[in-house]
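Each residue takes its place number in the sequence, starting with 1. Whatever order the structure lists them in is the order used to number ligands and atoms, beginning at 1.
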Amino acid sequence: MSNILSDASLDQIFRNARTHSAWQGQEISDVLLEAVYDLAKMGPTSANCSPMRVVYVRSAQAKERLKPALAEGNVGKTMAAPVTAIIAYDLEFYERLPKLFPHADARAWFAGGSPDHVRDTAFRNGSLQGAYFIVAARSLGLDCGPMSGFDNEAVDREFFPDGKVRSNFLCNLGHGDHDQLHPRSPRLDFDEACSIV
Ligand SMILES: Cc1cc2nc3c(=O)[nH]c(=O)nc-3n(C[C@H](O)[C@H](O)[C@H](O)COP(=O)(O)O)c2cc1C
């Protein structure tokens, strides 16, 4: 049986978690970056297809490769972040289905099929995995700064030149400077966003 998480955990993952743009200087270890992925990968995807691919951009050299693709307002925060994750999706995710969904020939559902269906599946499930990634990072004590303000094609040319993987969004990672946050914007109330029928 599962337990409800503690209020402290729910605060950390959701209620007090913010989108950060200013960073304290600490480095992030390979071990922590691996731990984030190892939690995020457990979230569900259709047919367990797991299309998300992640490039952790950490070195100054790699950051310079990313910089020209960034919207002006995202340059400073991204260059200052200890790590920027490129959350991407693999359009040939189905090649891994013999491992990921071994009890059926799920590869055949996609290989050679409608490119729209393949792309929709990769984007939907890759986006879900991107959300799991943010929750995983917060669960492990990191702060996130997700961004879609960048030139996807430029990032893809630079980091995924074979054309099989496409960028979805970027996510700065680090320990945020809470003093630099603006007040939290409101969310829609339950009755504005949900119905029970
Ligand atoms: C997919 C995605 C893309 C975003 N793109 C940008 C961006 O390009 N630049 C930026 O400054 N903030 C960006 N944001 C940040 C959002 O504006 C922010 O998460 C939202 O206002 C909620 O802020 P809060 O988490 O502090 O409550 C993005 C967030 C998400 C999830």
Side-chain angles (χ1 to χ4, degrees), residues 5 7-24 28 33 36-37 39-41 43-45 50-58 62-91 119-160 165-194:
L5 295 183
D7 261 330
S9 297
L10 295 174
D11 285 348
Q12 177 173 324
I13 300 168
F14 294 105
R15 292 189 287 241
N16 293 343
R18 295 294 311 277
T19 295
H20 282 265
S21 299
W23 305 98
Q24 305 172 42
I28 303 180
L33 295 177
V36 171
Y37 175 75
L39 279 183
K41 73 183 181 187
T45 54
S50 308
M52 180 177 72
R53 304 290 179 266
V54 181
V55 177
Y56 288 113
V57 179
R58 187 173 60 185
K63 283 283 190 74
E64 285 300 327
R65 292 171 59 203
L66 188 58
K67 191 176 177 183
L70 300 172
E72 201 182 326
N74 288 332
V75 172
K77 62 183 89 169
T78 303
M79 297 310 279
V83 173
T84 304
I86 304 173
I87 305 295
Y89 53 96
D90 185 354
L91 290 169
R119 189 195 169 275
D120 286 355
T121 302
F123 184 65
R124 178 184 306 113
N125 290 284
S127 299
L128 281 169
Q129 288 190 285
Y132 307 147
F133 181 95
I134 291 172
V135 172
R138 290 173 167 179
S139 303
L140 293 172
L142 289 170
D143 291 307
C144 295
M147 295 171 294
S148 51
F150 68 99
D151 180 340
N152 290 72
E153 287 178 11
V155 167
D156 295 351
R157 276 195 303 274
E158 184 62 32
F159 289 90
F160 310 115
V165 174
R166 293 206 184 144
S167 56
N168 186 346
F169 66 95
L170 306 176
C171 189
N172 287 332
L173 294 169
H175 298 96
D177 180 351
H178 292 252
D179 293 341
Q180 307 282 331
L181 290 169
H182 55 72
R184 169 88 105 173
S185 297
R187 301 302 203 252
L188 296 179
D189 294 332
F190 181 87
D191 289 345
E192 295 176 287
C194 307

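The N/O atoms of Phe169, backbone and side chain alike, include none that comes under 3.5 Å of an N/O atom in ligand 1. Taking only nitrogen or oxygen atoms, main chain and side chain alike, Ala17 does not reach within less than 3.5 Å of ligand 1.
If you number the atoms of ligand 1 from 1 as listed, the ones under 4.0 Å from a heavy atom of Thr19 come out as 15 (C), 18 (C), 19 (O), 22 (C), 23 (O), 24 (P), 25 (O), 26 (O). Close contacts between ligand 1 and Arg187 involve ligand atoms 22 (C), 24 (P), 25 (O), 27 (O) [criterion: under 4.0 Å to a heavy atom].
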Evaluate the criterion side chain to side chain contact (heavy atoms under 4.5 Å, CB included) for residue pair Val165 and Asp156; output intermediate values, then yes/no.
CA-CA 7 Å; Val165 174; Asp156 295 351; over 6 Å; no
Using side chain to side chain contact (heavy atoms under 4.5 Å, CB included), reason through Leu91 and Arg166 one step at a time and then give a plain yes or no.
CA-CA 7 Å; Leu91 290 169; Arg166 293 206 184 144; 3.6 Å; yes
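The single protein non-hydrogen atom nearest to atom 28 (C) of ligand 1 is Pro146 O, 3.1 Å, given as residue, atom name and distance. Protein heavy atom closest to atom 26 (O) of ligand 1, with residue, atom name and distance, is Arg18 NE, 2.7 Å. Shortest contact from atom 5 (N) of ligand 1 to any protein heavy atom: Ser148 N, 2.8 Å. Nearest to atom 11 (O) of ligand 1 among the protein's heavy atoms is Lys77 NZ, 2.7 Å. Among all non-hydrogen protein atoms, the one lying nearest atom 27 (O) of ligand 1 is Arg184 NH1, 2.6 Å.
Counting only distance, with no hydrogens or angles, the side chain of Arg187 and the backbone of Ser185 share a donor-acceptor pair below 3.5 Å. No donor-acceptor pair closer than 3.5 Å links the side chain of Arg124 to the backbone N or O of Thr45.
Protein heavy atoms are absent from the space less than 4.0 angstrom from atom 21 (O) of ligand 1. Atom 17 (O) of ligand 1 is never approached by the protein to below 4.0 angstrom, counting heavy atoms only.
Neither the backbone nor the side chain of His182 has a heavy atom within less than 4.0 Å of ligand 1. The proximity of Asn74 to ligand 1, defined as any non-hydrogen pair under 4.0 Å, is limited to the side chain.
With contacts defined as side-chain heavy-atom distances shorter than 4.5 Å, the pair Ser127/Phe169 does not qualify.
The cationic group of Arg58 does not satisfy the cation-pi geometry with Tyr56, failing either the under 6.0 Å distance to the six-membered ring centre or the 45° limit from the ring axis.
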Would you mind writing out the side-chain donor-acceptor pairs for residues 134-144 within the sub-3.5 Å range, not counting sequence neighbours?
from: Arg138; atom 1: NH1; to: Ile13; atom 2: O; distance (Å): 3.2
from: Ser139; atom 1: OG; to: Val135; atom 2: O; distance (Å): 2.7
from: Asp143; atom 1: OD2; to: Gly176; atom 2: N; distance (Å): 2.8

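Considering CD of Gln129 and CD1 of Ile87, their distance stands at 9.5 Å, rounded to 0.5 Å. Going from atom CD of Gln180 over to atom NE2 of His20 covers 10.5 Å, rounded to the nearest 0.5 Å.
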